[in-house]
Amino acid sequence: MSRISMDQVKHVAHLARLGITEEETEMFTRQLDQIISFAEQLNELNTDNVEPTSHVLDMKNVMREDISKQGLPIEEVLKNAPDSKDGQIRVPSILD
Amino acid sequence: MSLFEHKVSELHELLHKKELSVTDLVNESYERIGQVEDKVKSFLTLNEEKARIQAKELDDKLAKGEDNGILFGAPIGVKDNIVTKNLRTTAGSKILENFDPIYDATVVQKLQQAKTVTIGKLNMDEFAMGSSNENSAYQNTRNPWNLEYVPGGSSGGSAASVAAGEVLFSLGSDTGGSIRQPAAYCGVVGLKPTYGRVSRFGLIAFASSLDQIGPITRTVEDNAYLLEAISGIDPMDSTSANVNVPSFVNSLTGDIKGLKIAVPKEYLGEGVGEEAKKSVLEALKVLEKLGATWEEVSLPHSKYALATYYLLSSSEASANLSRFDGVRYGYRADNAANLIDMYKQTRSEGFGDEVKRRIMLGTFSLSSGYYDAYYKKAQKVRTLIKKDFEDVFHKYDVIVGPTSPTPAFKIGEKTSDPLTMYANDILTIPVNLAGVPGISVPCGFANGLPLGLQIIGKHFDESTIYRTAHAFEQATDFHKLKPQL
């Protein structure tokens with residue numbers, strides 16, 4: 001049984017904002033199916049009473065003083081922007 | 001003889017005695033690059049003009065007796081996922097082809113304080129996803145020991161440049177083995193520090209709970225000096241740890257009498273090549289002669305590490321790489337009809353296949369209906385893997401095994417099947433999942449290609465790793481051999 005269908009791969013690609021061709025959809029479906037099948041070996045383990053680990057060090061909620069600091073100059077910030085005008089980043093239309 | 005066959009402490013001595021200048025060191029780098037870079041292809045960007053100016057400035061300081069610090073004037077290469085102000089940083093990806101960072105990573109600031117000279121930026125698998133450098137959008141770096149073979153990855157350029165004598169040492173990053181595996185393949189020394197030892201500020205994030213920056217060097221001593229220079233808590237990285245940074249070099253006593261070594265049977269079992277096994281057993285004999293003892297142990301969840309790693313690292317990557325959307329920096333596709341279209345075109349044109357594959361795997365694992373079965377399950381298995389290490393470290397000082405199941409493979413040999421490529425990392429991945437430190441040191445050759453010995457330590461106990469690695473290095477000659485280019 002396949003773990004992931006072509007329709008699911010298309011949906012996931014959309015969620016991840018990746019444009020993929022039909023040919024790529026076929027390739028990724030096959031490869032992701034193999035990887036997910038491989039990953040299902042984790043089901044051999046009973047983890048009912050195991051806490052998940054998101055982070056290996058015993059630390060949480062690292063706080064600092066909330067003090068304002070000088071930001072970066074606007075020219076620097078926009079230096080790498082593909083398209084900008086009047087100190088702002090320009091993008092294609094959001095609403096049709 | 002190349003200047004870079006000296007340890008950094010010896011070079012510093014020569015500088016201090018005015019028998020050598022920083023300009024000499026920087027010349028050595030660029031001359032060697034001129035000779036061998038066509039074959040090795042380690043670098044994506046060179047910093048030659050600025051490096052030569054900096055060398056002159058440092059020589060002026062030297063003349064005034066201001067040569068403070070052991071790393072003064074040392075030529076270093078930096079992996080291209082570590083941002084360098086006004087020096088192009090691509091992370092091996094087309095999507096950052098013209099990216100010109102506006103700040104320096106914390107490790108780069110620390111190198112500047114130590115007065116090293118940045119020679120250039122080193123090739124890598126795109127966004128550090130790969131084990132061979134074949135996923136770089138730009139070029140295949142080649143193994144200096146045999147140019148038909150991969151240098152390993154993802155820090156392939158970092159390891160190859162050191163092995164080829166293009167720089168004295170380099171920085172890499174390690175998410176699942178990306179420092180240790182290429183160090184093993186190229187016959188150099190590479191350490192992944194404890195998670196939290198080195199600031200990740202300015203490291204282009206792949207998997208934030210696993211990534212660490214670390215040093216790649218010719219010798220264990222140089223490695224210890226370089227780690228000391230880049231370690232420490234950083235207000236810009238809330239996951240950097242507030243722990244003391246010892247003088248790692250002081251731990252290089254040569255004395256490992258009474259050291260208790262654990263050898264996991266899983267690290268000499270299925271999927272591990274005979275050559276790697278043999279070299280580790282020989283290495284254990286050397287360590288025994290030096291007064292250490294070893295016993296076989298079990299890390300019973302090792303076989304689950306690879307699946308756990310791919311689910312977790314891909315999930316984290318899918319979130320981290322969402323920032324590459326063509327808006328604020330990097331490549332943007334032309335002629336998109338609307339914003340969503342612009343995102344999709346930009347990302348499909350800007351990312352390579354391996355990156356897309358992992359973003360999709362991660363997005364799938366985190367998506368509604370699959371989160372518990374994949375992502376959360378993997379987080380729970382991570383707890384079991386971490387506990388395996390804790391149990392062993394109750395009784396033993398270090399864990400020893402091969403760094404990689406085999407020596408380097410041929411370019412093109414494993415590109416068709418992602419799972420075969422992933423299997424290279426079975427012995428390094430558990431270390432990242434547990435967050436403990438690990439080093440690879442040269443321990444032999446198979447068909448002219450280097451093999452690496454992996455030494456794994458307790459959280460924040462890089463000192464014991466270095467002491468063990470150094471004692472081994474001093475008792476063997478593998479680190480003295482160099483590739484003929």
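Labels below follow one simple rule: chain letters A, B, ... track the order of the sequence lines, proteins then strands, and each chain is numbered from 1.
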Got more than 12 heavy atoms from elsewhere within 6.0 Å of NZ, B:Lys85?
no

Please classify the contact of B:Leu433 with chain A as side chain, backbone, both or neither, using a heavy-atom distance under 4.5 Å.
backbone

Scanning both residues in full, the closest heavy-atom pair of B:Gly330 with A:Pro82 reads O-CG, 3.4 Å

Answer with side chain, backbone, both or neither: which region of B:Pro235 has an atom nearer than 4.5 Å to a non-hydrogen atom of chain A?
neither

I'd like to verify something: which residue of A:Thr21, A:Leu15, A:Val77, A:Ile35 has the highest number of heavy-atom pairs under 4.5 Å with chain B?
A:Ile35

Worked verdict on B:Ile340 versus A:Ile94 for side-chain contact (heavy atoms from CB on, under 4.5 Å):
CA-CA 8 Å; B:Ile340 297 282; A:Ile94 295 168; over 6 Å; no

Decide yes or no for B:Lys387 and A:Val50: does some side-chain heavy atom of the first lie under 4.5 Å from some side-chain heavy atom of the second?
no

Out of curiosity, B:Met342 CE to A:Ser93 OG, how far, rounded to the nearest 0.5 Å?
10.5 Å

Using the rule given for side-chain contact (heavy atoms from CB on, under 4.5 Å), can you reason through A:Leu57 versus B:Phe460, listing the C-alpha separation, both sets of side-chain angles and the distance that settles it, and then say yes or no?
CA-CA 11 Å; A:Leu57 299 180; B:Phe460 297 108; 3.9 Å; yes

Look at atom NZ of B:Lys94 and say whether more than 12 heavy atoms of other residues, nucleotides or ligands are closer to it than 6.0 Å.
yes

Based on non-hydrogen pairs under 4.5 Å, which of A:Val12, A:Ile4, A:Val9 is most in contact with chain B?
A:Val12

Under 3.5 Å, side chain of B:Arg328 to main-chain N/O of A:Ala81, donor-acceptor pair present?
no

B:Tyr374 side chain to A:Glu40 side chain, donor-acceptor N/O pair below 3.5 angstrom:
yes

Is it the backbone or the side chain of A:His14 that comes under 4.5 Å from a heavy atom of chain B, or both, or neither?
both

So how far is it from B:Lys344 NZ to A:Arg17 CZ, rounded to the nearest 0.5 Å?
6.5 Å

Contact origin within A:Asn43 toward chain B - heavy atom pairs under 4.5 Å
both

Under 4.5 Å from any heavy atom of chain B - which part of A:Leu42:
both

Is the backbone of B:Asp100 close enough, under 3.5 Å, to the side chain of A:Asn80 for a donor and an acceptor to pair up by distance?
yes

With chain A, the option among B:Tyr329, B:Tyr331, B:Tyr422 that has the most non-hydrogen atom pairs under 4.5 Å is B:Tyr329

Between B:Tyr370 and A:Gln8, is any pair of side-chain heavy atoms under 4.5 Å apart?
yes

State whether the number of non-hydrogen atoms from other residues, nucleotides or ligands found under 6.0 Å of A:Met59 atom CE is greater than 12.
yes

Please classify the contact between A:Met63 and chain B as side chain, backbone, both or neither, with a heavy-atom cut-off of under 4.5 Å.
neither

Could you check B:Gln379 against A:Glu51 for side-chain contact (heavy atoms from CB on, under 4.5 Å), going step by step and ending with a plain yes or no?
CA-CA 8 Å; B:Gln379 283 192 314; A:Glu51 286 295 312; over 6 Å; no

With heavy-atom distances below 4.5 Å as the criterion, would you say the side chains of A:Val91 and B:Arg332 are in contact?
yes

So what's closer than 4.5 Å to chain A heavy atoms on B:Ile102: side chain, backbone, both or neither?
both

Answer key: most heavy-atom pairs under 4.5 Å with chain B among A:Gln34, A:His55, A:Gln31 is A:Gln31

Verify, without hydrogens or angle tests, whether B:Lys356 (side chain) and A:Ala13 (backbone) share a donor-acceptor contact under 3.5 angstrom.
no

Which heavy atom of A:Ser54 sits nearest to which heavy atom of B:Arg382, and what is that distance?
O-NH1, 3.9 Å

Go through A:Thr29 and B:Met360 one step at a time and tell me if the side-chain contact (heavy atoms from CB on, under 4.5 Å) criterion holds.
CA-CA 10 Å; A:Thr29 304; B:Met360 284 198 278; over 6 Å; no

Heavy-atom pairs under 4.5 Å with chain A - which of B:Ile359, B:Val327, B:Ile385 has more of them than the others?
B:Val327

Side chain / backbone / both / neither for B:Ser315 at chain A, heavy atoms under 4.5 Å:
neither

Nearest heavy-atom pair of B:Ala307 and A:Ala39: which atoms, and what distance?
CB-CA, 3.7 Å

Residue selection (most heavy-atom pairs with chain A, distance under 4.5 Å) from B:Asn242, B:Thr346, B:Thr239, B:Leu210
B:Thr239

Interatomic distance, CD@A:Glu44 vs NE2@B:His301, rounded to 0.5 Å, equals 10.5 Å

Side chain, backbone, both or neither: which part of B:Ala434 has a heavy atom under 4.5 Å from chain A?
backbone

Who among B:Gly362, B:Ser348, B:Ala373 has the most heavy-atom pairs with chain A under 4.5 Å?
B:Ser348

Out of A:Leu45, A:Leu72, A:Leu32, A:Leu78, which one racks up the most heavy-atom pairs below 4.5 Å with chain B?
A:Leu45

Structural part of B:Ser238 lying under 4.5 Å from a heavy atom of chain A:
both

Do B:Lys380 and A:Asn46 have side-chain N/O donor and acceptor atoms under 3.5 Å apart?
no

Under a 4.5 Å cutoff for heavy-atom pairs, which residue among A:His11, A:Lys79, A:Arg64 has the most contacts with chain B?
A:Lys79

Under 4.5 Å from any heavy atom of chain B, what part of A:Asp48 do you find: side chain, backbone, both or neither?
backbone

Contact winner vs chain A - B:Leu311, B:Asp353, B:Asp325, heavy-atom pairs under 4.5 Å:
B:Asp353

Can any side-chain N or O of B:Thr383 pair as donor or acceptor with the backbone N or O of A:Thr53 at less than 3.5 Å?
yes

With a 4.5 Å limit on heavy-atom distance, are the side chains of A:Leu18 and B:Tyr343 in contact?
no

Are any non-hydrogen side-chain atoms of B:Leu339 and A:Pro92 less than 4.5 angstrom apart?
yes

Heavy-atom distance under 4.5 Å to chain A: side chain of B:Leu419, backbone, both or neither?
side chain

